[in-house]
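I have placed the structure first, in the form of structure tokens, so that the comments after it can refer back to it.
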Amino acid sequence: MKLSVLSLLAVSTLSLIAVPAFADQANVQTSGQVSTQVGDNNTSSQRTTQSNLDSRRGRGENTGNAQDSYQDSLQEGNGNNSSQVTNQRNVVRNGRR
């Protein structure tokens with residue numbers, strides 16, 4: 001009986017030991033581009049490239065990734081040309097514990 005009580009006390013004491021916790025992380029990438037063309041035969045080219053590599057290395061934290069791109073082109077006139085390209089890449093690698 002004494003041994004079982006002692007075992008319960010030991011387990012309850014061990015459960016009070018603090019375990020380090022990793023904070024949540026967030027990666028936010030934002031890009032905004034605006035092009036206004038007034039007249040004839042104008043050319044506008046907009047390109048956004050966003051890349052994120054998350055290597056967790058076995059840690060159990062929560063990681064949030066947000067990639068946002070805004071492109072706007074206003075053209076007034078004749079013979080105008082507009083090109084808009086967005087490339088977004090997000091890679092999450094879980095390492096060994």
Side-chain angles (χ1 to χ4, degrees):
M1 176 73 177
K2 289 182 182 180
L3 185 57
S4 63
V5 171
L6 184 60
S7 298
L8 286 174
L9 288 174
V11 170
S12 64
T13 303
L14 289 176
S15 65
L16 295 176
I17 296 173
V19 176
F22 295 102
D24 293 343
Q25 296 178 355
N27 176 41
V28 179
Q29 295 175 326
T30 303
S31 174
Q33 297 175 332
V34 177
S35 174
T36 302
Q37 299 174 348
V38 178
D40 297 331
N41 300 316
N42 296 311
T43 300
S44 172
S45 179
Q46 297 177 336
R47 180 178 198 88
T48 300
T49 301
Q50 296 174 332
S51 182
N52 176 49
L53 172 61
D54 183 5
S55 181
R56 296 185 184 183
R57 297 182 191 172
R59 296 176 297 185
E61 76 265 8
N62 295 322
T63 304
N65 297 303
Q67 293 174 320
D68 181 35
S69 178
Y70 171 77
Q71 294 175 327
D72 183 25
S73 179
L74 172 65
Q75 298 178 336
E76 239 178 69
N78 298 311
N80 295 321
N81 184 21
S82 178
S83 173
Q84 298 176 328
V85 177
T86 299
N87 294 317
Q88 295 176 322
R89 182 175 181 235
N90 185 28
V91 177
V92 177
R93 293 183 182 164
N94 291 322
R96 292 186 227 166
R97 290 185 179 228

Exercise for review: Return the minimal non-hydrogen interatomic distance between N80 and Q37, and the atom names on each side.
Suggested key: CB-OE1, 3.7 Å
Point to revise | Closest contact, heavy atoms only, Q33 versus R47 | key: NE2-O, 3.3 Å
**Study point:** Contact check, side chains of T48 and Q71, non-hydrogen atoms, under 4.5 Å
**Key:** yes
Practice item. Please answer whether the main-chain N or O of A66 pairs with a side-chain N or O of Q29 as donor and acceptor at a distance below 3.5 Å. Key: no
Check your understanding: How many angstroms lie between atom CZ of R89 and atom OG1 of T49, to the nearest 0.5 angstrom?
Key -> 11.5 Å
Review point. What is the distance from atom CG of L74 to atom OG1 of T36, rounded to the nearest 0.5 Å?
Key: 5.0 Å
Practice item. Please examine the side chains of Q75 and N42, heavy atoms only from C-beta on, and report whether any two atoms are closer than 4.5 Å. Key: no
**Study point:** With S44, the side-chain hydrogen bond (donor to acceptor under 3.5 Å, both in side chains) member among S73, S35, S83
**Key:** S35
Review point. Out of curiosity, T30 OG1 to D68 CG, how far, rounded to the nearest 0.5 Å?
Key: 5.0 Å
Exercise for review: Starting at CG of N90, measure out to CG of N27 and round the result to the nearest 0.5 Å.
Suggested key: 7.5 Å
Point to revise | Test item: N78 side-chain N/O and D40 main-chain N/O as donor-acceptor pair under 3.5 Å | key: no
Practice item. Could I get the full list of side-chain contact (heavy atoms from CB on, under 4.5 Å) partners for N81, not counting sequence neighbours? Key: T43
**Study point:** Polar contact flag, side-chain donor to acceptor under 3.5 angstrom, Q50-Q67
**Key:** no
